[in-house]
Undergrad: 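Here it is, the structure in full.
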Amino acid sequence: VHSLDGHSHNICSVMFHPKLPLICSASEDGTVRLWQSTTYRAETTLNYGMERAWALAATRETTKLAIGFDEGCVVIELGSDDPVVSMDGTGKVVW
């Protein structure tokens with residue numbers, strides 16, 4: 001059993017990527033952390049300033065990661081921190 005330390009508040013969602021050796025965690029601290037699933041080391045921390053992170057989703061067919069926050073959602077291409085698309089809480093496209 002391994003402990004992945006790094007979030008400062010409760011963890012809301014954890015996801016094993018269906019194809020890549022990656023664990024993703026979303027937290028009430030507003031961050032999403034990406035972990036190497038073979039070494040359990042933190043790869044990166046994402047923070048888009050959209051309050052608490054609640055949900056994570058990925059598919060086997062792409063390297064995109066969808067993240068649901070209190071104030072909207074973000075889709076990123078893994079390997080880049082820049083959003084592919086993002087919406088605020090009203091459905092307005094931000095990026």
Undergrad: List for me each residue that meets side chain to side chain donor-acceptor pair (under 3.5 Å) alongside K64, sequence neighbours excluded, and say none if there are none.
TA: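 By the side chain to side chain donor-acceptor pair (under 3.5 Å) rule, K64 matches E77.
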Undergrad: Between S27 and H7, which heavy-atom pair has the shortest distance, and what is it?
TA: CB-ND1, 3.1 Å
Undergrad: In this structure, would Y48 and L56 fall into the same cluster of hydrophobic residues linked by side-chain contacts under 4.5 Å?
TA: yes
Undergrad: Please write out which residues are connected to L4 in a hydrophobic cluster, directly or through intermediates, given that two of Ile, Leu, Val, Met, Phe, Trp, Tyr count as joined at side-chain heavy-atom separations below 4.5 angstrom.
TA: I11, V14, F16, I23, W35, Y40
Undergrad: After noting the C-alpha distance and the side-chain angles of R33 and S25, does the key distance pass the side-chain hydrogen bond (donor to acceptor under 3.5 Å, both in side chains) rule?
TA: CA-CA 5 Å; R33 294 185 65 110; S25 58; 5.6 Å; no
Undergrad: Looking at G49 and E71, what are the two nearest heavy atoms and their distance?
TA: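 Scanning both residues, the minimum pair turns out to be O-OE1, 4.0 Å.
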Undergrad: To check you understand the geometry: which heavy-atom pair defines the closest contact between I76 and D81, and what is its length?
TA: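 The answer is CG2-O, 4.1 Å.
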Undergrad: Would you check if L65 and L34 make a side-chain contact, meaning some heavy-atom pair closer than 4.5 Å?
TA: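 Side chain of L65 against side chain of L34, heavy atoms only: contact under 4.5 Å found.
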Undergrad: Quick one: do I67 and W54 end up in the same hydrophobic cluster if we chain Ile, Leu, Val, Met, Phe, Trp and Tyr together by side-chain heavy atoms under 4.5 Å apart?
TA: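 No; W54 is not reachable from I67 via cluster members.
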Undergrad: Which distance, rounded to the nearest 0.5 Å, do you find between the NZ of K19 and the OG1 of T63?
TA: 9.0 Å
Undergrad: Okay, side chain of N10, backbone of E28: is any donor-acceptor separation there less than 3.5 Å?
TA: no
Undergrad: To check you understand the geometry: which heavy-atom pair defines the closest contact between C73 and S86, and what is its length?
TA: O-OG, 2.9 Å
Undergrad: As a quick check of understanding, evaluate side-chain contact (heavy atoms from CB on, under 4.5 Å) for T45 and V32, giving each step before the final call.
TA: CA-CA 6 Å; T45 301; V32 172; over 6 Å; no
Undergrad: Check for a donor-acceptor pair, side chain of R41 on one end and backbone N or O of Q36 on the other, with a separation under 3.5 Å.
TA: no
Undergrad: Looking at D82, is its backbone amide N or carbonyl O close enough to the side chain of S80 to form a donor-acceptor pair, meaning the two atoms are under 3.5 Å apart?
TA: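 At least one qualifying donor-acceptor pair exists.
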Undergrad: Search all heavy atoms of R52 against all heavy atoms of D70 and return the closest pair with its distance.
TA: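 Where R52 meets D70 most closely, the heavy atoms are NE-OD2, 2.6 Å.
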Undergrad: Might you point out which heavy atoms bring D88 and M50 nearest each other, and give the distance in Å?
TA: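 Heavy atoms only, the tightest pair is CA-CE, 4.2 Å.
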Undergrad: Are M15 and L22 joined in one hydrophobic group, where the rule is that I, L, V, M, F, W and Y side chains link up if heavy atoms are under 4.5 Å apart?
TA: yes
